Asks: 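Just passing along the structure, written as structure tokens.
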Amino acid sequence: MMDREKSAWSRSWSGRNLMGTRKAIGESRMTSVFATLRACLLSLALATPAMATDLPDPLTLDDFLQFDPAQAKLGQLLFYDKILSGNRNIACATCHHHDLNSADGVSLGVGEGGSGLGMNRTGGAGADRIEERVPRNAPALWNLGHKDVRFMFHDGRVEVSEDFGNGFRTPAWIFLPEGLNSLLAAQVLFPVGSETEMAGQPGENAIAGAAYDAPHYVWPLISERVREIDAYVPLFTEAFDHVNEASDITIVEIANAIAAFTAIEFRNFDSPFDKYLGGDEDALTAAQKRGMDLFYGEVGCSGCHAGPLMSDQSFRGLGLPPFGPGLTFLNDPIARDVGRMAISDKLEDAYRFRVPFLRNVALTAPYGHNGAMPTLEAMVRHHLNPRESNAKWRSEMAKLPPVPWLASEDFALREKTAENDRILASIDIDLPPVSDAEIADIVAFLHSLTGETALDRPMGRPETVPSGLPVD
Ligand code: HEC
Ligand code: HEC
């Protein structure tokens with residue numbers, strides 16, 4: 001049927017672009033389905049403004065899961081080691097780098113096949129060059145070891161749940177291994193099996209071939225690679241009581257070590273706002289304080305950005321303009337990004353994305369699930385008037401490392417007006433009018449969420465990794 005259709009498994013999380021093969025299948029049918037449902041989408045409740053009394057309690061170390069420092073030290077090496085990728089050419093850190101504050105500084109990143117970092121990353125060359133950009137913005141990893149974090153990814157497809165009896169609901173259903181120490185550890189199992197992010201194309205290496213079939217076929221191949229590197233073995237035996245020899249190393253220990261690293265390394269809550277919450281009335285400037293009062297009061301940002309990490313972890317539509325390769329999911333004839341709906345299968349979740357956590361947000365532009373908004377001010381203005389902001393948006397606002405052979409596809413989704421109309425029909429936000437001066441105050445407040453030690457991390461980037469592969 002389709003020349004390169006992927007299995008339901010790998011499609012469900014790696015988001016392969018099937019636009020080319022699927023567009024003939026009648027977008028018009030989908031359009032009418034969406035038209036019928038638009039009325040029901042519009043009737044969704046809008047965010048209710050919050051009161052200034054909604055200020056969260058200060059964060060404390062007790063709010064975070066505990067991880068073992070020796071496992072974290074090992075995780076630091078694995079996080080930077082390209083050995084976890086099919087073609088040994090990309091590490092977790094390539095897209096979540098210390099120099100880019102645990103993100104990659106671009107709207108849509110370049111996955112395996114590329115080289116370099118951030119805006120200087122290229123799409124590679126020859127047969128290994130990339131076929132598409134990563135379909136979503138790489139989020140920063142701040143404070144994800146907090147005990148209240150229930151969802152990973154913009155669409156929440158890795159989540160705390162007892163649905164499958166293993167503690168998590170993920171695209172691997174019942175096939176998730178036992179013994180994962182956290183949601184962060186469960187998350188690790190997915191980028192390694194994503195064609196675009198780390199695995200590569202089927203035919204290029206054994207991991208990519210396995211990824212095509214099912215996620216759980218990938219994991220033993222990755223642990224085998226790690227086991228074979230002598231320098232890793234003692235690090236695992238020291239960090240894990242039950243690991244006595246190389247053959248005891250599995251994807252579970254690898255994932256738990258990386259989770260320990262990301263949780264400890266990117267735990268950071270010493271911002272002026274945190275000091276204010278802790279009782280230091282002078283921690284905020286006058287503008288930041290005014291911005292905070294608007295955020296938690298009159299303007300009602302905390303209607304969604306509520307709780308200790310400034311997100312209620314609900315899924316909402318903001319009407320950001322679509323671009324990039326899009327994602328596909330079962331039974332959808334076109335590549336696009338329908339957000340949470342691809343996971344829940346509920347139409348009321350169409351084009352809804354997880355409300356992001358906000359600490360250190362000033363350090364990790366661009367913003368939104370596809371990085372459409374280049375600055376905090378643009379993102380705030382978008383919230384205040386999403387339809388106007390969507391209409392005024394120009395492709396130059398996207399921060400995309402140049403990849404000449406993708407130029408004709410990059411903004412194809414943006415040009416589909418029917419798709420944009422569906423996105424606009426799913427907007428869940430209606431905030432009161434805000435003056436330019438007040439916008440400046442809100443942006444000042446967002447800057448007060450930057451930790452004093454955010455740029456000074458306990459472990460940082462390792463100079464070398466046990467595989468001997470180059471470190472980005
Ligand atoms: C090619 C770039 C790339 C690589 C490599 C990569 N990631 Fe990501 N990461 C992303 C993108 C993009 C997302 C968001 C995907 C989505 O929401 O669908 C993400 C999401 C995450 C999240 C969820 C954050 C949140 O707030 O929900 C975590 C945690 C994470 N990555 C850790 C890792 C780890 C650990 C590795 C290595 C095993 C890794 N990433 C490799 C790009 C990358
Ligand atoms: C109706 C819920 C809702 C309200 C109210 C809301 N936001 Fe958001 N916010 C979101 C969602 C959802 C996203 C992510 C949208 C996406 O990726 O498509 C977001 C994204 C953001 C981001 C970008 C974060 C990142 O890492 O990309 C910032 C900054 C932000 N909001 C600040 C604010 C401010 C300031 C206000 C008040 C003016 C506000 N939000 C009100 C739901 C809301």
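All values below were derived from every heavy atom in this structure, side-chain atoms included, with hydrogens, water molecules and symmetry-related copies excluded. Treat the numbers as computed from the prediction; the structure is a model and nothing was measured. Start at 1 and go down the list; that is how both ligands and their atoms are numbered.
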Asks: If the contact criterion is a heavy-atom separation under 4.0 Å, does P135 count as touching ligand 1?
Replies: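 The answer is no, since P135 has no heavy atom less than 4.0 Å from ligand 1.
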Asks: Hey, which atoms in ligand 1 end up nearer than 4.0 Å to a heavy atom of L144?
Replies: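 Within the 4.0 Å cut-off of L144, ligand 1 contributes 24 (C), 26 (O), 29 (C).
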Asks: Report yes or no: does E112 have a heavy atom closer than 4.0 Å to ligand 1?
Replies: no
Asks: Could you walk me through whether F269 and R267 pass side-chain contact (heavy atoms from CB on, under 4.5 Å), step by step?
Replies: CA-CA 7 Å; F269 51 90; R267 187 171 62 206; 4.0 Å; yes
Asks: What is the distance from atom CG of N166 to atom CH2 of W173, rounded to the nearest 0.5 Å?
Replies: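 Output value for this atom pair is 13.0 Å.
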Asks: Test of understanding: given a 4.0 Å heavy-atom threshold, classify the contact between F295 and ligand 2 as side chain, backbone, both, or neither.
Replies: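 For F295, only side-chain atoms sit under 4.0 Å from ligand 2.
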Asks: If you measure from each non-hydrogen atom of L376 to ligand 2, which part falls under 4.0 Å: side chain, backbone, both or neither?
Replies: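 It is the side chain that touches ligand 2; the backbone stays farther off.
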Asks: Does the T94 side chain pair with the main chain of I90, one donor and one acceptor, at a distance under 3.5 Å?
Replies: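 Side chain of T94 to backbone of I90: no pair is present.
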Asks: Between T196 and ligand 1, which residue portion shows a heavy-atom distance shorter than 4.0 Å: side chain, backbone, both, or neither?
Replies: neither
Asks: Check contact between R354 and ligand 1, using heavy atoms of the residue and a distance below 4.0 angstrom.
Replies: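 Contact present.
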Asks: Look at atom 29 (C) of ligand 1 and find which of Q187, R133, E197 reaches it with the closest heavy atom.
Replies: Q187
Asks: Output the atom name for the N/O/S atom of H96 with the smallest distance to atom 8 (Fe) of ligand 1.
Replies: NE2
Asks: Taking atom NZ of K392 as the centre, does the number of heavy atoms from other residues, nucleotides or ligands within less than 6.0 Å exceed 12?
Replies: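 For K392, atom NZ is not crowded (no more than 12 foreign heavy atoms under 6.0 Å).
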Asks: On the 0 to 90° scale, with breaks at 30° and 60°, tag the H154-H369 ring pair as parallel, tilted or perpendicular.
Replies: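 Rings of H154 and H369: perpendicular, as their planes differ by over 60°.
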Asks: Under 4.0 Å from a heavy atom of M152: give me the atoms of ligand 1 that qualify, with their elements.
Replies: 23 (C), 27 (O), 29 (C)
Asks: With a distance cut-off below 6.0 Å to the six-membered ring centre and an angular limit of 45° from the axis, does R414 pair with F411 as a cation-pi contact?
Replies: no
Asks: Looking at H383, which of its N, O or S atoms is the nearest one to atom 8 (Fe) of ligand 2?
Replies: NE2
Asks: Any nitrogen or oxygen of D155, main chain or side chain, under 3.5 Å from a nitrogen or oxygen of ligand 1?
Replies: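 No, no N or O pair falls under 3.5 Å.
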Asks: So if I count the atoms of ligand 1 from 1 in the order they appear, which ones are less than 4.0 Å from some heavy atom of L184?
Replies: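 Ligand 1 atoms under the 4.0 Å threshold to L184: 29 (C).
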Asks: Does P139 have a heavy atom less than 4.0 Å from any atom of ligand 1?
Replies: yes
Asks: Nearest heavy-atom pair of P325 and A335: which atoms, and what distance?
Replies: O-CB, 3.6 Å
Asks: May I ask you to list the atoms of ligand 1 that are less than 4.0 angstrom from any heavy atom of G111?
Replies: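 Under 4.0 Å from G111, ligand 1 has these atoms: 1 (C).
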Asks: Using the side-chain contact (heavy atoms from CB on, under 4.5 Å) rule, take L469 and Y80 through it: C-alpha gap first, then chi angles, then the decisive distance, then the call.
Replies: CA-CA 10 Å; L469 290 166; Y80 271 89; over 6 Å; no
Asks: Against ligand 1, does L141 come closer than 4.0 Å with any heavy atom?
Replies: yes
Asks: Of A140, C95, G193, which has the heavy atom at the shortest distance from atom 3 (C) of ligand 1?
Replies: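 That would be C95.
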Asks: Return the OG to CG distance between S426 and D421, rounded to the nearest 0.5 Å.
Replies: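 Spacing of OG (S426) from CG (D421) equals 11.0 Å.
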Asks: Report, in ascending order of atom number, the atoms of ligand 2 lying under 4.0 Å from any heavy atom of I442.
Replies: 35 (C)
Asks: In ligand 2, which numbered atoms sit nearer than 4.0 Å to a non-hydrogen atom of G300?
Replies: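 Listed by number with element, the hits are 5 (C).
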Asks: Tell me every residue that passes salt bridge (charged side-chain N to carboxylate O under 4.0 Å, His left out) with D163, counting only those two or more places apart in sequence or in another chain.
Replies: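 D163: salt bridge (charged side-chain N to carboxylate O under 4.0 Å, His left out) contacts with R169.
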Asks: At a 4.0 Å threshold, what atoms of ligand 2 neighbour a non-hydrogen atom of H369?
Replies: 16 (C), 17 (O), 18 (O)
Asks: Pairs of nitrogen or oxygen atoms closer than 3.5 Å, one from N137 and one from ligand 1: do any exist?
Replies: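 Among all N and O atoms of N137, none is under 3.5 Å from an N or O of ligand 1.
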Asks: Is the shortest side-chain N to carboxylate O distance from D472 to R461 below 4.0 Å?
Replies: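 Answer for the salt bridge query: no.
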Asks: Give the atom numbers and elements of ligand 2 that come within less than 4.0 Å of a heavy atom of R316.
Replies: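 Reading through ligand 2 atom by atom, the close ones are 1 (C), 2 (C), 12 (C).
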Asks: Number the atoms of ligand 1 from 1 as they appear, then name those within less than 4.0 Å of a heavy atom of R157, with their elements.
Replies: 16 (C), 17 (O), 18 (O)
Asks: Is it true that a side-chain atom of S102 and a backbone atom of A140 form a donor plus acceptor pair closer than 3.5 Å?
Replies: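 Absent.
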Asks: Can you sort out which atoms of ligand 1 are near A91, meaning under 4.0 Å from one of its heavy atoms?
Replies: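 Near A91, meaning under 4.0 Å from one of its heavy atoms, ligand 1 has 5 (C).
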Asks: Can you check whether G156's main-chain N or O pairs, donor with acceptor, with R340's side chain at less than 3.5 Å?
Replies: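 Between the backbone of G156 and the side chain of R340 there is a qualifying donor-acceptor contact (under 3.5 Å).
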Asks: Any heavy atom of I258 closer to ligand 1 than 4.0 angstrom?
Replies: yes
Asks: Going by heavy atoms, is P356 under 4.0 Å from ligand 2?
Replies: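 The answer is yes: ligand 2 sits under 4.0 Å from a heavy atom of P356.
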Asks: I'd like to know whether E224 forms a salt bridge (Lys or Arg N to Asp or Glu O under 4.0 Å) with R227, so could you lay out the CA-CA distance, the side-chain angles of the two residues, the decisive distance to 0.1 Å, and finally the verdict.
Replies: CA-CA 5 Å; E224 198 176 302; R227 258 181 233 154; 5.2 Å; no
Asks: Would you say the ring centroid of F266 lies under 6.0 angstrom from that of H98?
Replies: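 Yes, ring centres under 6.0 Å apart.
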Asks: With backbone taken as N, CA, C and O and side chain as the heavy atoms from C-beta onward, which portion of H305 lies under 4.0 Å from ligand 2: side chain, backbone, both, or neither?
Replies: side chain
Asks: Counting distance only, does the side-chain N/O of R88 pair as donor-acceptor with the main-chain N or O of K82 below 3.5 Å?
Replies: no
Asks: Looking only at heavy atoms, is any part of M379 under 4.0 Å from ligand 2, and if so is it the side chain, the backbone, or both, or is it neither?
Replies: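 The answer is the side chain of M379.
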Asks: Would you please indicate yes or no on a ring centroid separation below 6.0 angstrom for F151 and F315?
Replies: yes
Asks: Enumerate the atoms of ligand 2 whose separation from the nearest heavy atom of Y367 is less than 4.0 angstrom.
Replies: 23 (C), 25 (C), 26 (O), 27 (O)
Asks: Any nitrogen or oxygen of F153, side chain or backbone, less than 3.5 Å from one on ligand 1?
Replies: yes
Asks: Going by the order shown, which atoms of ligand 2 are within less than 4.0 Å of some heavy atom of V299?
Replies: 38 (C)
Asks: Please evaluate residues H146 and F357 with respect to the criterion ring-ring contact (aromatic ring centres under 6.0 Å, His included), reporting the C-alpha separation (whole Å), side-chain torsions for both, the decisive distance (0.1 Å), and the verdict.
Replies: CA-CA 11 Å; H146 190 282; F357 306 117; 8.6 Å; no
Asks: Does L318 come within less than 4.0 Å of ligand 2, judged by its heavy atoms?
Replies: yes
Asks: Looking at V134, which atoms of ligand 1 are within less than 4.0 Å of one of its heavy atoms?
Replies: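 So the answer, numbered in order with elements, is 1 (C), 12 (C).
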Asks: Does the salt bridge (Lys or Arg N to Asp or Glu O under 4.0 Å) test come out yes or no for D410 and R133, once each step is laid out?
Replies: CA-CA 9 Å; D410 279 335; R133 295 180 194 275; 2.8 Å; yes
Asks: Could you pull out all residues at least two apart from M397 that satisfy side chain to side chain contact (heavy atoms under 4.5 Å, CB included)?
Replies: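 Side chain to side chain contact (heavy atoms under 4.5 Å, CB included) list for M397, sorted by chain: M373, P374, W393.
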Asks: Under 4.0 Å from a heavy atom of G368: give me the atoms of ligand 2 that qualify, with their elements.
Replies: 17 (O), 27 (O)
Asks: Output the list of atoms in ligand 2 that are nearer than 4.0 Å to some heavy atom of F353, sorted by atom number.
Replies: 12 (C), 16 (C), 18 (O)
Asks: Between D436 and R381, is the closest basic N to carboxylate O distance under 4.0 Å?
Replies: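 Between D436 and R381 there is a salt bridge, with a charged N closer than 4.0 Å to a carboxylate O.
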Asks: Where on C92 is there a heavy atom closer than 4.0 Å to ligand 1, on the side chain, on the backbone, on both, or on neither?
Replies: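 It is both backbone and side chain that touch ligand 1.
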Asks: Regarding atom 28 (C) of ligand 2: of the candidates L363, L358, V355, which has the closest heavy atom?
Replies: L358
